[in-house]
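Heads up: the structure comes next, in structure tokens.
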Number of protein chains: 2
Amino acid sequence: MTTRWLTATQQKAWRSYLLGSAKLMERLDRDLRSIGLSMPEYEILVRLSEAPERTLRMTELAQSVHHSRSRLTHTINRMESAGLVERVSCPSDGRGVLARLTAKGYDTLVDAAPMHVAGVRETFVDVVSADDFATIGRAFEAVAAHADRIGQNRQPSTPAAADDALESGC
Amino acid sequence: MTTRWLTATQQKAWRSYLLGSAKLMERLDRDLRSIGLSMPEYEILVRLSEAPERTLRMTELAQSVHHSRSRLTHTINRMESAGLVERVSCPSDGRGVLARLTAKGYDTLVDAAPMHVAGVRETFVDVVSADDFATIGRAFEAVAAHADRIGQNRQPSTPAAADDALESGC
DNA sequence: CCGGAATAGTTGACAGTTCAACTAGGTTCC
DNA sequence: GGAACCTAGTTGAACTGTCAACTATTCCGG
């Protein structure tokens, strides 16, 4: 099968997306770093703050922020050293570990949230129209759902004979 | 000033965006990794392939893929060891270094591109409507442009007194 | 031209992520 | 009730990215 390359317009849109989202994340990360947090850590604080008892099983938390279990272990290690969370062993499952937000962790989130939300607004929400923002939300919801659907039984995506000349690599 | 939190709808859109784009990048990266490349490396190959002589100054290349100069140095080191690019000293500027795509680098790109483009389509372009995709392109173009504009003379974004209670950290 | 400032690129230490291997506690089923 | 298997979480090594410090060259004002 011959490759369906992106049109010039699609390619431009794709590159704008890559660039814009990189700059967006960069800015938000930089903001958070000024108070000693990173984006992934901030998201963990948010998820825990919303959970009953401000506590979640490691695996649930990992799924919720979409990290690997290993990555979460490392991150929680760092956050535990910083006193933001603590580990509690799970009463109902001997294998399980609960991550619980400490008071300090909660305070840190309360400190960080206004700045973070302001950053999200200033660099994103208030930069695009309300309609466009809603469209982005719907579109990426579909992207996430679709990724799950095909994520199951997927072949390694055709090792791909270079059956045609390079046209536009995106 | 009291924080303008995100509405529930905005928050949902924001989280969908975070999740969807994470899954998207994850998939594309995984595809490329099956032939020994990463997203950043792939983008470098593309930029070089499009440049006259398949050659760019390090700094131009860094700006083009939006990496720090340091990051580019490290990445080009790895790619040079892999034989994908080579360094040439710049004739017109004694400080300068040119990165040039090798034949092997070009072949690698020709191999990778069909799979990569197929991945971009399958997980993104063909998942959302053409209109939505165009909207995303325009929106993130604006985000990128705005980030540049405020990136210049920006105060560290108000260290922010926690002047109000936590409502929704995004 | 000479001295200071700016620019190009590299370096090495550190922080964060991934990956594969591992421990340990549950589940199933005969 | 125990063998085989599955799930939860951790570990450590390898890899990637960041940051601040450094070298080398060019630019610019006097």
Side-chain angles (χ1 to χ4, degrees), chain A residues 18 21-23 25-45 55-82 84-100 156, chain B residues 22-23 25-45 55-82 84-100 156:
Chain A
L18 287 178
S21 52
K23 289 191 176 179
M25 288 311 159
E26 201 174 85
R27 152 70 187 269
L28 297 178
D29 229 87
R30 189 172 308 278
D31 281 358
L32 287 171
R33 214 160 292 277
S34 74
I35 44 176
L37 288 175
S38 63
M39 242 338 240
E41 286 169 353
Y42 180 83
E43 291 188 285
I44 287 170
L45 292 181
T55 299
L56 282 173
R57 281 289 287 270
M58 291 293 277
T59 296
E60 289 178 286
L61 181 52
Q63 287 169 345
S64 162
V65 294
H66 197 61
H67 291 175
S68 68
R69 292 205 306 305
S70 163
R71 179 180 177 183
L72 185 65
T73 293
H74 290 303
T75 305
I76 292 293
N77 283 346
R78 292 189 296 266
M79 295 176 77
E80 196 171 21
S81 313
L84 302 175
V85 299
E86 58 195 354
R87 270 182 243 247
V88 183
S89 63
C90 179
S92 63
D93 184 339
R95 300 164 300 180
V97 172
L98 303 171
R100 180 163 61 200
Chain B
K23 289 190 178 181
M25 287 311 161
E26 200 174 85
R27 153 70 188 268
L28 297 178
D29 229 86
R30 190 171 307 278
D31 280 358
L32 287 171
R33 213 161 292 278
S34 74
I35 44 176
L37 288 174
S38 63
M39 247 329 247
E41 287 169 351
Y42 180 84
E43 291 187 286
I44 287 171
L45 292 181
T55 299
L56 282 173
R57 283 288 288 268
M58 291 293 278
T59 295
E60 290 179 285
L61 181 52
Q63 287 169 344
S64 163
V65 294
H66 196 62
H67 292 175
S68 68
R69 290 204 310 305
S70 162
R71 178 179 177 184
L72 186 65
T73 293
H74 288 306
T75 306
I76 291 292
N77 282 345
R78 292 189 295 267
M79 295 176 76
E80 196 170 22
S81 312
L84 302 176
V85 300
E86 57 195 353
R87 271 184 243 249
V88 182
S89 62
C90 177
S92 62
D93 184 338
R95 299 164 300 180
V97 172
L98 304 171
R100 180 164 60 200

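The chains referred to below are lettered A, B, ... by the order of the sequence lines, with proteins before strands, and numbering in each begins at 1.
Rounded to whole Å, the distance from CD1 on B/I44 to C1' on D/dT16 is 12 Å. Distance CD (A/E41) to P (C/dG16): 6 Å, rounded to an integer number of Å. The distance from atom CG of A/D29 to atom P of D/dG17 is 14 Å, rounded to the nearest whole Å. Atom CD in A/Q63 sits about 12 Å away from atom C1' in D/dT7, given to the nearest Å. Summarising the geometry, the separation between CE on A/M25 and P on C/dT17 is reported as 14 Å, rounded to the nearest angstrom. Between A/I76 atom CD1 and D/dT11 atom P the separation is 13 Å, expressed in whole Å. In this structure, the CG atom of A/L32 is 16 Å from the C1' atom of D/dT18, given to the nearest Å. Atom-to-atom, CD of A/E80 to P of D/dG9 comes out at 14 Å; the value is rounded to the nearest Å.
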Report summary line: Letter by letter from the 5' end, nucleotides 8-14 of chain C scores (B base, S sugar-phosphate only, - none; protein heavy atoms under 4.0 Å) BBBBB--
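Counted by atom type alone, A/T75 and A/R78 present one or more donor-acceptor pairs between their side chains at under 3.5 Å. Side-chain contact check for B/H67 and B/E43: no donor-acceptor pair (N or O, by modelled atom type) lies under 3.5 Å.
Between A/P91 and A/L98 the shortest heavy-atom distance is CD-CD1, 4.1 Å. Here the shortest heavy-atom pairing between A/D29 and A/P40 reads OD1-CD, 4.4 Å.
Residue B/S38 is out of contact with every strand shown, counting any heavy-atom pair closer than 4.0 Å.
The residue among A/R33 and A/S92 whose nearest nucleotide of DNA chain C is located toward the 5' end is A/R33.
In this structure, CG on B/L56 lies 10.0 Å from CG on B/L72, to the nearest 0.5 angstrom. Separation of atoms CD (A/E60) and CD (A/Q63) is listed at 7.5 Å; rounding is to 0.5 Å.
The rotation axes computed at either terminus of the helix from C/dC1-D/dG30 to C/dC30-D/dG1 lie 20° apart, taking five pairs at each end and rounding to 10 degrees.
For B/R78 and D/dA14, the shortest distance from a side-chain N or O to OP1 or OP2 is not below 4.0 Å.
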Report task. Assess whether side-chain contact (heavy atoms from CB on, under 4.5 Å) is satisfied between A/L61 and A/I76, documenting all intermediate values. Result -> CA-CA 10 Å; A/L61 181 52; A/I76 292 293; 4.2 Å; yes
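Applying the salt bridge (Lys or Arg N to Asp or Glu O under 4.0 Å) test to pairs two or more places apart or on separate chains, those with a residue in residues 86-98 of chain B are B/R57-B/D93, B/E80-B/R87, B/E86-B/R100, B/D93-B/R95.
Side-chain N or O atoms of A/T73 include one that pairs as donor or acceptor with a backbone N or O of A/R69 at under 3.5 Å.
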